[in-house]
Amino acid sequence: MEVKTYKNSVIIRIKRVDEHEVYFRIKRGRPLRDVMLEYCNYLKLDYDAIRFTFNGIKVKCSATADDLGLKDNDTIDAWSDQTGGGPAV
C-alpha cells in the first residue's frame, strides 16, 4: 500500500507516556500552538500544564512544522508539569 504524501502538509503525532498517540495532518506553515491546543482539548488536559518537545527541545507555540523540520510521522512528546522532586527524607 502506497502512503500518500502532501507537499504543503505533514502528518505528525503527539504522544504522552501514559496516553495513546494522536495523529494530526497540519499545514507546514501553521503555528503548532493550534495543534497543541487541539491535543489538550481532545484529551481534556490543561494546556498550561503540558509541555511539548521535539527531539528533546521545547516546542515554542509560534513554531511551525517547517521551523522544526517535521516530516511525516514525526512525534512530538507531551509532558505533564511536575512539582516537587525534592530529596527523599
Side-chain angles (χ1 to χ4, degrees):
M1 180 175 168
E2 185 178 326
V3 176
K4 193 170 189 176
T5 59
Y6 297 88
K7 182 178 178 183
N8 295 323
S9 65
V10 62
I11 297 171
I12 62 167
R13 58 185 161 194
I14 300 179
K15 104 177 179 175
R16 288 180 58 184
V17 174
D18 60 341
E19 298 286 336
H20 296 288
E21 49 199 33
V22 180
Y23 287 83
F24 295 92
R25 172 176 283 135
I26 59 170
K27 293 186 178 184
R28 293 184 176 279
R30 179 182 178 191
L32 291 173
R33 180 180 191 275
D34 298 342
V35 175
M36 296 184 297
L37 279 169
E38 286 178 39
Y39 176 82
C40 289
N41 288 336
Y42 179 75
L43 294 177
K44 297 178 178 38
L45 301 171
D46 179 8
Y47 175 76
D48 293 325
I50 303 294
R51 298 295 169 249
F52 297 89
T53 61
F54 177 66
N55 288 340
I57 299 170
K58 184 177 177 184
V59 176
K60 294 181 181 180
C61 60
S62 61
T64 66
D66 279 343
D67 292 339
L68 298 179
L70 293 174
K71 299 182 289 290
D72 282 338
N73 294 315
D74 276 346
T75 301
I76 292 177
D77 296 306
W79 306 88
S80 296
D81 273 347
Q82 183 175 354
T83 57
V89 193

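Please read all numbers here as calculations on a predicted model, not as lab measurements.
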* To do: Would you name the heavy atoms of I12 and V35 that are closest together and state the gap between them?
  => CD1-CG1, 4.3 Å
* Taking only residues two or more places apart in sequence, or in another chain, which ones meet K15 in a side-chain contact (heavy atoms from CB on, under 4.5 Å)? -> E21, T75, D77
* Please list, chain by chain and in numerical order, all residues satisfying side-chain contact (heavy atoms from CB on, under 4.5 Å) with L45, sequence neighbours excluded. => R16, Y39, C40, L43, I50
* To do: Determine, step by step, whether N8 and K27 satisfy the side chain to side chain contact (heavy atoms under 4.5 Å, CB included) criterion, reporting the C-alpha distance in whole Å, the side-chain angles of both residues, the deciding distance to 0.1 Å, and the verdict.
  => CA-CA 6 Å; N8 295 323; K27 293 186 178 184; 5.8 Å; no
* Would you sort out whether L32 and L68 count as a side chain to side chain contact (heavy atoms under 4.5 Å, CB included), showing the intermediate values? => CA-CA 10 Å; L32 291 173; L68 298 179; 3.4 Å; yes
* Residues in side-chain hydrogen bond (donor to acceptor under 3.5 Å, both in side chains) with R33, at least two apart? -> none
Expected list for residues 54-65: side-chain donor-acceptor pairs under 3.5 angstrom, two or more places apart:
residue, atom, partner, partner atom, Å
T64, OG1, D66, N, 3.4
T64, OG1, D67, N, 3.1
T64, OG1, D67, OD1, 3.4
T64, OG1, D67, OD2, 3.2

* To do: Determine which pairs satisfy side chain to side chain donor-acceptor pair (under 3.5 Å) with at least one residue from residues 40-50, sequence neighbours left out, and list them in order.
  => none
* Asked: Under the 3.5 angstrom rule, does the side chain of D72 hit a backbone N or O of I11 as a donor-acceptor pair?
  -> yes
* Remaining members of hydrophobic cluster (4.5 Å side-chain criterion), W79 -> V17
